[in-house]
Amino acid sequence: MPVQRHAIAATECTAAALHNATDVCAYARSACSEVGVGVFGSYIAVWHCELGGLARWLPLLAIWLVIIIYALGTTADNYLIPQLNYLSALLKLSPDVAGVTLLAFGNGAPDVFTGIAVATQSEKMDFSLLLSDLVGGSVFIMTVVVGTVIWIAHKHAPGWRVDPLPFWRDGLSFIVALSAVAMVAVDGTVYLPEALGFLGLYLLYIGIVLALPPLLRRFGAAPAEGSSQTSSGEGGAAAVAAASAGERRGQAPALAERAEGAEKAAAAAAAPLAGLEWESEASLVGRGLWLLSLPLSVLRAASIPSSDGLWDQRRRLWTLATPPLGALVFLLLVQGDVHEMAAARVGGGALPVAVLVLVLGALGSAALWLGTSGGTPPRWLAAMVASGFVMTVVWLNLLANEMVALVEAFGVMLGVSTSILGLTVIAIGNSVGDLITDSAAARGADARMAMAACFGSPLVMNVLGVGIALSLRMLTTNGAPVHAAVSPQCRLAYVVLYGSLLAHLVTFPLAGYRAPRTYAACLFAVYAAFLLLSCLAEAGAVKLDFLCASAWPCPEHPQQAQWYRTVAHANRNSARMAMAGATRNSAHQQTLLVPSASAWAPK
């Protein structure tokens, strides 16, 4: 586990305190040195010192956040899921076991690692940020993704319907999981047995998935093997989503396992290098994100060994670069940022640790060059895939930590809560992959598969996300309980999520286990209203006091409605640099044109 770097913003590191500081750069380096720390150090200090605190640099940081979120999702899709496919075939796991274990973990990896980053990288854990990512993503899937699948299915899959068995199994299990989270957090404190209980819920869900279909078949209550219902009911919705993601990118690890000789070589030559080759069928936005993230994708491919179980000359050349660069990336995760990594010395001497790592890695590359060829896969290909899995976990940790650091920094710099950023930016970013995958399945006339993924994916994501994150947090802090402060916006998200789930459980059975397009339009409207209400509550224009019971009070948000003061402060810095000789008073008068926070705060 990497050293603890992030710290949730304390009262001394706030937008108001930075605004009132005489020397903003010095104050940011002192008070915010442990807040929003990524690979380049504290982003708050970087913005105020290296970037001059200028507002025009905020879009650049926002683009970097988008790239990080995109890279987090593609790392899971392009590397983790193929690795888990290969390992499950190597271990000869049945599809149902693999679906609810390895592949379920791979499908929910972005949210799971985001939760781990929030839980383990903070001296004071931001419980609302952890929940807002998970519940925000679930709301997005239950409204936008479900609505999109319904809308597309009516055109591409006439007469479609969901399977009753996985529908009721995953729907009711999801309600139980959400209720468990609410019951644990209602007293304001989460203890280690409660955190481990979520992992117990996941094991119970696995047992239900594996035992229910054969039990029903034994009593003649389920269709026979090979029918449409059992094909999705036993496989697990998470496996459905993972398989769809792999198909969308042209990856076929199972084919590599079955093919022999010339067929295996042909499969390797035909399979694209994930993330490095232009996707002609991608949307304009997808192509833009691919271009923006290409430098990061190249570094990632050069530090993760061949991961899809295929082997050819291209994969051999990329694998040769992985020993030195992979070791360097691992060192970056251990050290925390590039400054500490550059300053680290071997035994306190003059030799930098990074140089030693590169030299040893170069020797490993030479050994790979001598021990492999482009035409024949090495005998230890399975060990290479396993090492690729380790490096993929390293990358997921790095990217999740970076995303959390940026969210913390934006929360302080703009004076907004991390909860609203988790509900919107992180949740949508981590769930866009579900939208693309399930939409592609619906267009392929497999709306049943897409809908199963919509229900199963957030279920596994919530149970594993909360269970793993909280358990690791407490195990690394000697079992210290976690303060479960849940923001009003996060509580609103739970209300919307409960309402959406109950609406699905009523609408689909009444409509013959399908839903009309008007229902999809209603789901879109619900999500739009949820986003609007959450943003208005963040700005203080709408109060959500009715969600804050006396027995479960909402946490205070001292930075509410401060973002425009931060922008005004940035504009003041811009004026200082652009107008040589301008006095401090004239610059200060410019900021008075923007209302103060007290003018907008709720009365």
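Using a 4.5 Å heavy-atom threshold, the side chains of Y205 and V460 count as touching. For the pair H483/F127, no side-chain contact is recorded, criterion being any heavy-atom separation below 4.5 Å from C-beta on. The closest side-chain heavy-atom distance from F40 to D337 is not below 4.5 Å. Between V135 and V496, the closest side-chain pair of non-hydrogen atoms is not below 4.5 Å. Using a 4.5 Å cut-off on side-chain heavy atoms (C-beta onward), L299 and W395 make contact. Two residues are said to be in side-chain contact when any heavy atoms from C-beta on lie closer than 4.5 Å; V149 and C454 meet this criterion. You'll find the side chain of N401 reaches within 4.5 Å of the side chain of L333, heavy atoms only. Under the 4.5 Å side-chain criterion, counting only non-hydrogen atoms from C-beta, D133 is not in contact with V118.
Heavy-atom minimum distance, F524 versus G147: CZ-C, 3.5 Å. The shortest heavy-atom contact between V190 and E194 is CA-OE1, 3.4 Å. Residues C535 and I420 approach most closely at N-CD1, 4.3 Å, considering heavy atoms. For A109 against A76, the heavy-atom pair with the smallest separation is CB-CB, 4.1 Å. Heavy atoms only, all atoms of each residue included: E402 and V39 are closest at OE1-N, 2.9 Å. In this structure, G115 and L130 approach most closely via the heavy-atom pair CA-CD1, 3.4 Å.
Crowding of W168 atom CH2: a count of heavy atoms from other residues, nucleotides or ligands under 6.0 Å exceeding 12.
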Between N397 and V393, does a side-chain contact (heavy atoms from CB on, under 4.5 Å) hold up when you go through it step by step? CA-CA 6 Å; N397 265 292; V393 171; 3.7 Å; yes

Should V144 and V139 be marked as a side-chain contact (heavy atoms from CB on, under 4.5 Å) after you check the CA-CA gap, both sets of side-chain angles, and the distance that decides it? CA-CA 8 Å; V144 176; V139 170; over 6 Å; no

Might you work through the side-chain contact (heavy atoms from CB on, under 4.5 Å) test for L421 and I426, ending with a clear yes or no? CA-CA 7 Å; L421 294 174; I426 297 181; 5.8 Å; no

Checking side chain to side chain donor-acceptor pair (under 3.5 Å) for the pair S500/Y527: CA distance, chi angles, key distance, verdict? CA-CA 10 Å; S500 301; Y527 189 73; over 6 Å; no

Take L58 and L414, measure what side-chain contact (heavy atoms from CB on, under 4.5 Å) needs, and give me the verdict at the end. CA-CA 10 Å; L58 287 176; L414 300 180; 3.9 Å; yes

For S128 and S419, what are the C-alpha separation, side-chain angles and deciding distance, and is it a side chain to side chain donor-acceptor pair (under 3.5 Å)? CA-CA 6 Å; S128 276; S419 180; 4.7 Å; no

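In this structure Y519 satisfies the ring-ring contact (aromatic ring centres under 6.0 Å, His included) test together with H504, sequence neighbours excluded. In this structure C25 satisfies the disulfide (SG to SG under 2.5 Å) test together with C49, sequence neighbours excluded. Residues passing the ring-ring contact (aromatic ring centres under 6.0 Å, His included) test with F167, sequence neighbours excluded: F455, F508, Y513. The side chain to side chain donor-acceptor pair (under 3.5 Å) test applied to T392 returns Q83, not counting sequence neighbours.
L80 CG to M391 CE: the interatomic distance, rounded to the nearest 0.5 Å, is 13.0 Å. To the nearest 0.5 angstrom, R300 atom CZ is 6.5 Å from L296 atom CG. From L536, atom CG reaches atom CG of L544 across 9.5 Å, with rounding to the nearest 0.5 Å. A distance of 13.5 Å separates CZ of F198 from CG of L204, quoted to the nearest 0.5 Å. Summarising the geometry, atom CD1 belonging to I304 is positioned 6.0 Å from atom OG1 belonging to T75; distances are rounded to the nearest 0.5 Å. Atom CD1 of I428 and atom CG of L423 lie 9.5 Å apart (nearest 0.5 Å).
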Identify all side-chain donor-acceptor contacts of residues 61-69 below 3.5 Å with residues at least two apart in sequence or on another chain.
from : atom 1 : to  : atom 2 : distance (Å)
W64  : NE1    : Y43 : OH     : 2.9

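Between the side chain of E538 and the main chain of V416, no donor-acceptor pair closer than 3.5 Å is present. Under the 3.5 Å distance criterion, the side-chain polar atoms of S487 are matched with a main-chain donor or acceptor of C490. When atom types are taken as modelled, the side chain of H339 and the backbone of G41 share no donor-acceptor pair closer than 3.5 angstrom. Checked by atom type and distance alone, the side chain of T476 pairs as donor or acceptor with a backbone atom of R473 at under 3.5 Å. Looking at T14, its side chain does come within 3.5 Å of a backbone N or O of A17 through a donor-acceptor pair. S42 contributes a side-chain N or O that, together with a main-chain N or O of C32, makes up a donor-acceptor pair within less than 3.5 Å.
Among L172, D170, L178, the one residue that satisfies the side chain to side chain contact (heavy atoms under 4.5 Å, CB included) test with F174 is L178.
Between N462 and S138, the side chains place a donor N or O and an acceptor N or O closer than 3.5 Å (distance only, hydrogens not considered). For S179 and Y498, the side-chain atoms include at least one donor-acceptor pair closer than 3.5 Å. There is no side-chain donor-acceptor pair under 3.5 Å between E408 and T418.
Sorted by first then second residue, the salt bridge (charged side-chain N to carboxylate O under 4.0 Å, His left out) pairs that include residues 13-30, not counting sequence neighbours, are R29-E50.
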